[in-house]
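First the structure, in the form of structure tokens, and then the observations on it.
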Amino acid sequence: MLREASKYRQPAPGRSAMELAVTAIPFVLLWALTWLTLDAGYWLGLLFAIPAGGFLLRLFLIQHDCGHGAFFSRRKSNDWVGRILGVVTLTPYAYWRHCHAIHHAGTGNLDNRGVGDVDTITVEEFRSYTRTKQFLYRLYRHPVVLFGLGPAYLFLLRHRLPVGMMRRGWSPWISTLGTNLGMAAVYAALIYLVGLKMFLLVHLPIVLVAASAGVWLFYVQHQFEHTRWEREADWSFHEAALHGSSNYQLPGILRWFTANVGLHHVHHLVSRIPFYRLPEVTRDIPALATMSQVTLRDSLGTVRLVLWDEEKRRLVSFRDAAS
């Protein structure tokens, strides 16, 4: 399957440029529309913040493709588009790309956890924790924290410094501080035009919608009941990609806004495939279309899955682990 899927790696420059345009332009227009409608009522303005957040999420996923070298043929094109989008998505491009590469290299590996993924521990590890550590892990995995407070902290605060890579030379610092300076320049211009209060009322809800949706997607892509985790000795990149990453079955409109990232098993198998070519892969390789499926309804139930049971070889809830 790896060899067959690899045939779809070549991006189409015109298609990539079009996908960028049909995402960036509506985002700018919806941002402006949110601002213009605030005078008519804040809740009306928030209605436009939701689709604006959807377009911001899609810009992040285009940046994600750039980080994999998948969006354009030339690395410089990917890198510069990725850096510019990083200012919009509040995500330092080179720093995030490095963390995400570590995630791809070790997803589903129980001996290589903790960078670029949702923190997940085993049942035995949880039982060995003190009551305080158990409480903190329960708190971390609570939906309000994981999909509400967590995304806000990640994009607004944590991405402002190269957390976890502060001693790895200048590159992480240049990436994060360069992004911060770009954000400061753009935000200063917007604040000058619309005022600080209006800027915050418009931009914060849009960012929070995109951040929460992005974290949810990333969560579902690996945190489903029959995902696959192995110890280093038994871990396989190929198996982790196909069985440890989900095939998230979303409605058409959501597939568009999420840039087909629901076909995550294919993406992990060959990360250089542009997002707009992923449906071609599942169409032409039928076995991939039915593998690791998670429906929208199924995904809602994944929130209770918080611990990996090495004996049962599946994710379980706190209640399951206690019994």
Side-chain angles (χ1 to χ4, degrees), residues 11-32 34 49 51-101 103-104 116 151-152 154-162 171-190 199 202-204 206-215 217-218 256-261 267 271-278:
R15 174 70 183 272
S16 295
M18 184 272 290
E19 294 287 355
L20 181 58
V22 300
T23 309
I25 294 172
F27 170 70
V28 172
L29 293 176
L30 281 166
W31 199 101
T34 304
F55 280 100
L56 181 58
L57 171 64
R58 199 169 196 265
L59 287 174
F60 174 80
L61 292 169
I62 290 175
Q63 180 187 1
H64 164 264
D65 260 26
C66 290
H68 283 292
F71 201 60
F72 293 108
S73 299
R74 297 175 67 245
R75 176 167 180 169
K76 283 187 177 180
S77 300
N78 282 302
D79 288 348
W80 277 108
V81 170
R83 291 185 187 112
I84 293 168
L85 289 178
V87 173
V88 181
T89 64
L90 288 72
T91 306
Y93 173 70
Y95 163 66
W96 175 87
R97 180 182 61 188
H98 183 73
C99 293
H100 194 62
H103 160 69
H104 268 258
L154 178 66
F155 284 91
L156 295 176
L157 297 177
R158 186 169 177 176
H159 281 172
R160 307 286 64 79
L161 289 172
S171 180
W173 287 95
I174 291 172
S175 177
T176 52
L177 297 181
T179 301
N180 292 345
L181 288 173
M183 288 168 53
V186 173
Y187 289 179
L190 288 171
F199 170 76
V202 172
H203 199 60
L204 273 180
I206 293 173
V207 168
L208 294 177
V209 166
S212 293
V215 170
L217 281 173
F218 188 75
W256 188 89
F257 272 105
T258 58
N260 296 317
V261 78
H267 169 66
S271 61
R272 289 287 299 272
I273 299 175
F275 74 81
Y276 50 80
R277 298 202 68 183
L278 290 173

Original post:
Does some side-chain heavy atom of Val186 sit less than 4.5 Å from a side-chain heavy atom of Val88?
Top reply: no

Subject >> Beyond-backbone contact of His267 with Asn260, side-chain heavy atoms, under 4.5 angstrom >> reply: no

**OP:** Kindly write out the residues that satisfy ring-ring contact (aromatic ring centres under 6.0 Å, His included) with Phe199, not counting sequence neighbours, or none if the list is empty.
**Re:** Tyr187, His203

Original post:
Can you check whether Leu56 reaches Val209 side chain to side chain, under 4.5 Å on heavy atoms?
Top reply: no

**OP:** Check whether more than 12 heavy atoms from other residues, nucleotides or ligands sit under 6.0 Å from atom CZ of Arg83, and answer yes or no.
**Re:** yes

Original post:
Side-chain contact, heavy-atom cut-off 4.5 Å: Tyr276 with Met18?
Top reply: no

Original post:
Which pairs pass salt bridge (charged side-chain N to carboxylate O under 4.0 Å, His left out) with one or both residues in residues 51-70, sequence neighbours excluded?
Top reply: Glu19-Arg58

Original post:
Do Ile206 and Leu30 have side-chain heavy atoms sitting under 4.5 Å apart?
Top reply: no

**OP:** Please list, chain by chain and in numerical order, all residues satisfying ring-ring contact (aromatic ring centres under 6.0 Å, His included) with Phe257, sequence neighbours excluded.
**Re:** Phe55

Original post:
How are the rings of His104 and His64 set to each other: parallel, tilted or perpendicular (split at 30° and 60°)?
Top reply: tilted

Original post:
So do the side chains of Leu59 and Thr23 get within less than 4.5 Å of each other, counting heavy atoms only?
Top reply: yes

**OP:** Give a yes or no answer on whether the side chain of Arg160 reaches the backbone of Asn180 with a donor-acceptor pair at less than 3.5 Å.
**Re:** no

Original post:
How about Trp96 and Thr89: do any of their side-chain heavy atoms sit closer than 4.5 Å?
Top reply: no

Subject >> Test item: Ile84 and Tyr93 side chains (from C-beta on) under 4.5 Å apart, heavy atoms >> reply: no

Original post:
Of all residues at least two apart in sequence or in a different chain, which pass the ring-ring contact (aromatic ring centres under 6.0 Å, His included) check with His159?
Top reply: Phe155

**OP:** List in chain and number order the residues that pass side chain to side chain donor-acceptor pair (under 3.5 Å) with Tyr95, two or more places apart in sequence or in another chain; answer none if no residue qualifies.
**Re:** none

**OP:** Nearest 0.5 Å please: distance from the CD1 atom of Ile174 over to the CG atom of Leu181.
**Re:** 11.5 Å

**OP:** Could I get the full list of side-chain contact (heavy atoms from CB on, under 4.5 Å) partners for Ser73, not counting sequence neighbours?
**Re:** Gln10, Pro11

